[in-house]
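Along the sequence shown, residues are numbered consecutively beginning with 1.
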Amino acid sequence: MGQTGTEKRTFSPYIKFSRDEWRNLRKATPLTLTEAELETLHGLNEQVSLTEVEEIYLPLTRLLNLYVGATQSLYRATHEFLGDTGEKVPYIIGIAGSVAVGKSTTARIIQALLSRWPNHPKVDLVTTDGFLYPNRELERRGIMHRKGFPESYDTRKLIHFLADVKSGKPEVIAPVYSHLTYDIVASEQIVVRQPDIVILEGVNVLQTSRSTNGARPMNVFVSDFFDFSIYVDAQEALIRQWYIERFQKLRETAFRDKLSYFHRYASLTVEEANQTALRIWEEINAKNLRENILPTKQRADLILQKSDHHMVEQVYLRKI
């Protein structure tokens with residue numbers, strides 16, 4: 001944190017914290033997760049330790065708790081001024097980052113920790129995967145190979161969902177996505193009922209609207225509804241490595257299910273799987289990262305910079 005010498009002349013919208021500086025901001029925040037609970041939260045190829053929770057996620061959720069509390073106080077003050085109670089409006093947190101960078105694990109850990117604070121016990125987690133167009137629509141548009149790119153999402157539907165949530169609507173419906181079948185599950189839905197906090201996680205949540213496939217650009221962005229946003233970051237070479245490792249583990253597990261969209265990859269040898277994963281990474285995920293995801297990093301309120309083994313080594317917090 002110390003800005004000395006030439007650092008004082010370096011202007012940045014962020015305050016940079018080393019791991020040691022950040023963990024000291026935990027103060028007396030208690031650890032409310034057990035090892036067994038944490039085991040259910042991390043991704044397939046991630047091993048997040050309780051130490052990581054203590055040193056990174058507890059300070060983060062302490063900060064978020066302070067922000068949520070301040071927003072709740074402002075909400076009460078506004079409605080006292082207006083002389084009405086108004087509808088309960090959730091605090092919305094957006095979490096962005098590349099495929100395989102670990103943003104889903106980050107979202108689940110934050111959800112678990114925030115739900116243990118007494119002033120906001122109800123925390124819902126929604127992923128933008130549910131707002132992908134169904135496969136049949138992607139095929140009709142000829143963009144199945146660009147699944148995960150901005151044009152593959154029903155952004156208008158996502159914005160309407162967030163607008164309803166932020167307006168205090170009693171019940172708001174979100175669609176469900178299956179990673180097994182690689183498609184929207186028409187028979188399932190998530191019902192959001194005025195929680196204290198909504199976490200929206202996805203690769204595209206910080207992207208600005210733009211014209212795709214001839215459509216008019218939208219004037220409202222998904223991030224316009226966020227009270228706070230987080231970008232999970234790492235060097236591309238590390239993310240590529242994590243993607244290939246995850247692909248290998250899926251080849252040994254989920255891909256073996258005959259219902260899996262990727263069942264054809266279950267019979268690949270280790271070397272064939274490596275080559276296939278690398279090809280998919282370079283042709284799809286790396287391109288999406290470079291063109292659409294990474295350019296949004298500087299729009300986040302907080303950046304978690306990861307190093308080896310998914311350990312966060314630096315934290316960047318936007319100045320207020």
> So, taking the atom named OG1 in Thr155 and the one named NZ in Lys157, what distance separates them when rounded to the nearest 0.5 Å?
12.0 Å
> Determine the interplanar angle of the Tyr67 and Phe228 rings, folded into 0 to 90°, and report it as parallel if under 30°, tilted if 30 to 60°, perpendicular if over 60°.
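Perpendicular, since the angle between the ring planes exceeds 60°.
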> Within the distance-only criterion (no hydrogens, no angle test), does the side chain of Arg62 pair as donor or acceptor with the backbone N or O of Thr29 below 3.5 angstrom?
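Flag not set: sc Arg62 to bb Thr29 has no pair under 3.5 Å.
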> Does the ring of Tyr153 carry Arg156 above it, NZ/CZ under 6.0 angstrom from centre and within 45° of its axis?
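No, Arg156 and Tyr153 do not form such a contact.
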> Quick one about Thr128 and Tyr177 (side-chain donor to acceptor, distance below 3.5 Å, no hydrogens or angles considered), yes or no?
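No, no side-chain donor-acceptor pair sits under 3.5 Å.
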> Is the shortest heavy-atom distance from the side chain of Ile280 to the side chain of Tyr243 under 4.5 Å?
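Sidechains of Tyr243 and Ile280: in contact.
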> Under 4.0 Å between a Lys/Arg side-chain N and an Asp/Glu carboxylate O for Arg141 and Glu137?
yes
> Looking at every non-hydrogen atom in both residues, tell me the closest pair between Asp301 and Tyr14 and how far apart they are.
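In terms of heavy atoms, the two residues are closest at O-CE2, 4.0 Å.
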> Return the minimal non-hydrogen interatomic distance between Phe225 and Ile159, and the atom names on each side.
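Nearest pair, atom of Phe225 first, then Ile159: CE1-CG2, 3.9 Å.
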> Write down the atom of Leu206, the atom of Ala300, and the distance for their closest heavy-atom approach.
CD1-CB, 3.9 Å
> Quick one: do Asp183 and Lys147 make a salt bridge, cutoff under 4.0 Å?
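No, Asp183 and Lys147 are not salt-bridged.
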> Would Thr105 and His310 satisfy side chain to side chain contact (heavy atoms under 4.5 Å, CB included), going step by step from the backbone distance to the final call?
CA-CA 10 Å; Thr105 295; His310 285 273; over 6 Å; no
> Quick check: closest heavy atoms across Val203 and Gly97, and the distance to 0.1 Å?
CG1-O, 3.3 Å
> Side-chain contact, heavy-atom cut-off 4.5 Å: Leu250 with Phe262?
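Contact flag for Leu250/Phe262 side chains = no.
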> Check whether any side-chain heavy atom of Arg279 sits under 4.5 Å from a side-chain heavy atom of Gln275, and report yes or no.
no
> Less than 4.0 Å between a side-chain N and a carboxylate O, is that true for Arg290 and Glu282?
yes
> To the nearest 0.5 Å, what is the distance between CD1 (Ile284) and NE2 (His145)?
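Spacing of CD1 (Ile284) from NE2 (His145) equals 8.0 Å.
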> Less than 4.5 Å apart, any side-chain heavy atom of Trp281 and any of Leu289?
yes
> Without swapping roles, check the side chain of Asp227 against the backbone of Val68 for a donor-acceptor pair under 3.5 Å.
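Side chain of Asp227 to backbone of Val68: no pair is present.
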> Does Leu158 form a side chain to side chain contact (heavy atoms under 4.5 Å, CB included) with Leu200? I'd like the steps, not just the answer.
CA-CA 10 Å; Leu158 176 55; Leu200 181 70; 4.2 Å; yes
> For the atom pair OG1 (Thr253) and CZ (Arg256), what is the distance rounded to the nearest 0.5 Å?
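Here the interatomic distance stands at 8.5 Å.
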> Taking atom CD1 of Ile95 and atom CD1 of Ile230, what is their separation to the nearest 0.5 Å?
4.5 Å
> Is Arg108 paired with Glu37 through a side-chain N to carboxylate O contact shorter than 4.0 Å?
no
> Could you tell me if the side chain of Glu188 sits less than 4.5 Å from the side chain of Ser178, heavy atoms only?
no
> What distance do Thr61 atom OG1 and Ile109 atom CD1 have between them, rounded to the nearest 0.5 Å?
10.5 Å
> Between Asp124 and Ile190, does a side chain to side chain contact (heavy atoms under 4.5 Å, CB included) hold up when you go through it step by step?
CA-CA 10 Å; Asp124 284 358; Ile190 297 170; 6.0 Å; no
> Looking only at heavy atoms, what is the nearest atom pair of Tyr57 and Thr106, with distance?
OH-OG1, 3.1 Å
> List the steps and the verdict of side-chain hydrogen bond (donor to acceptor under 3.5 Å, both in side chains) for Gln241 and Glu245.
CA-CA 6 Å; Gln241 173 189 330; Glu245 290 172 354; 3.1 Å; yes
> Are Val232 and Met311 connected in the hydrophobic side-chain network, where two residues link if heavy atoms are under 4.5 Å apart?
no
> If we only count heavy atoms from C-beta on, is the Phe149 to Lys287 side-chain gap below 4.5 Å?
yes
> Sub-3.5 Å donor-acceptor pair from the side chain of Gln194 to the main-chain atoms of Gly168, do we have one?
yes
> Are Val89 and Ile173 connected in a single hydrophobic cluster, I mean Ile/Leu/Val/Met/Phe/Trp/Tyr linked by side-chain heavy atoms less than 4.5 Å apart?
no
> Has Lys319 got a side-chain atom pairing as donor or acceptor with Ser12's backbone, closer than 3.5 angstrom?
yes
> Give the C-alpha distance, both sets of side-chain angles, the deciding distance and a yes or no for side chain to side chain contact (heavy atoms under 4.5 Å, CB included) between Leu41 and Val48.
CA-CA 9 Å; Leu41 299 176; Val48 180; over 6 Å; no
> Is Leu180 linked to Leu138 within one hydrophobic cluster, defined over Ile, Leu, Val, Met, Phe, Trp and Tyr using a side-chain heavy-atom separation of less than 4.5 Å?
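Unlinked, Leu180 and Leu138 end up in two clusters.
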> Does Phe161 reach the side chain of Val192, with side-chain heavy atoms less than 4.5 Å apart?
yes
> Which residue is it: Leu64, Asn65, Val53? I am looking for the one with a side chain to side chain contact (heavy atoms under 4.5 Å, CB included) to Leu113.
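The single option meeting the side chain to side chain contact (heavy atoms under 4.5 Å, CB included) with Leu113 is Val53.
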> Taking side chain as C-beta onward, heavy atoms only, is Leu294 less than 4.5 Å from Asp233?
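Heavy-atom side-chain distance check passes, below 4.5 Å.
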> For the residue pair Lys297 and Tyr316, would you count it as a cation-pi contact if the rule is NZ or CZ under 6.0 angstrom from the ring centre and within 45 degrees of the ring axis?
no
> Does the plane of the ring in Phe247 sit parallel, tilted or perpendicular to the ring in Phe255? Use 30° and 60° as the thresholds.
perpendicular
> Salt bridge or not for Arg193 and Glu171, using N-O below 4.0 Å?
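Counted as a salt bridge, because a side-chain N and a carboxylate O are separated by less than 4.0 Å.
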> To the nearest 0.5 Å, tell me how far Leu63 CG sits from Leu58 CG.
12.5 Å
> Donor-acceptor pair, Asp196 side chain versus Lys122 backbone, under 3.5 Å?
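Side chain of Asp196 to backbone of Lys122, a donor-acceptor pair under 3.5 Å: yes, one is there.
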> Give a yes or no on whether the backbone of Leu114 and the side-chain of His120 come within a donor-acceptor separation of less than 3.5 Å.
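Yes.
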> Look at the side-chain heavy atoms of Ile, Leu, Val, Met, Phe, Trp and Tyr, link any pair under 4.5 Å apart, and say whether Ile15 and Leu304 land in one connected group.
yes
> Tell me, yes or no, whether the heavy-atom count around His309 atom NE2, taken from other residues, nucleotides or ligands under 6.0 Å, exceeds 12.
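No, because the 6.0 Å sphere around NE2 of His309 holds 12 heavy atoms or fewer from other groups.
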> Give me the one residue out of Glu55, Glu52, Glu54 that meets side-chain hydrogen bond (donor to acceptor under 3.5 Å, both in side chains) with Arg23.
Glu55
> Locate the shortest heavy-atom distance separating Lys166 from Pro90; write the atom from each residue and the value.
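For Lys166 and Pro90, the tightest heavy-atom pair comes out as NZ-O, 2.8 Å.
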> Could you tell me whether Glu272 atom CD has more than 12 heavy atoms of other residues or ligands within 6.0 Å of it?
yes
> Return yes if some donor-acceptor pair links the side-chain N/O of Lys103 with the main-chain N/O of Ser98 below 3.5 Å, else return no.
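Yes.
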> Could you tell me whether a side-chain N or O of Arg240 sits under 3.5 Å from a main-chain N or O of Leu278, the two making a donor and an acceptor?
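It does not hold such a pair.
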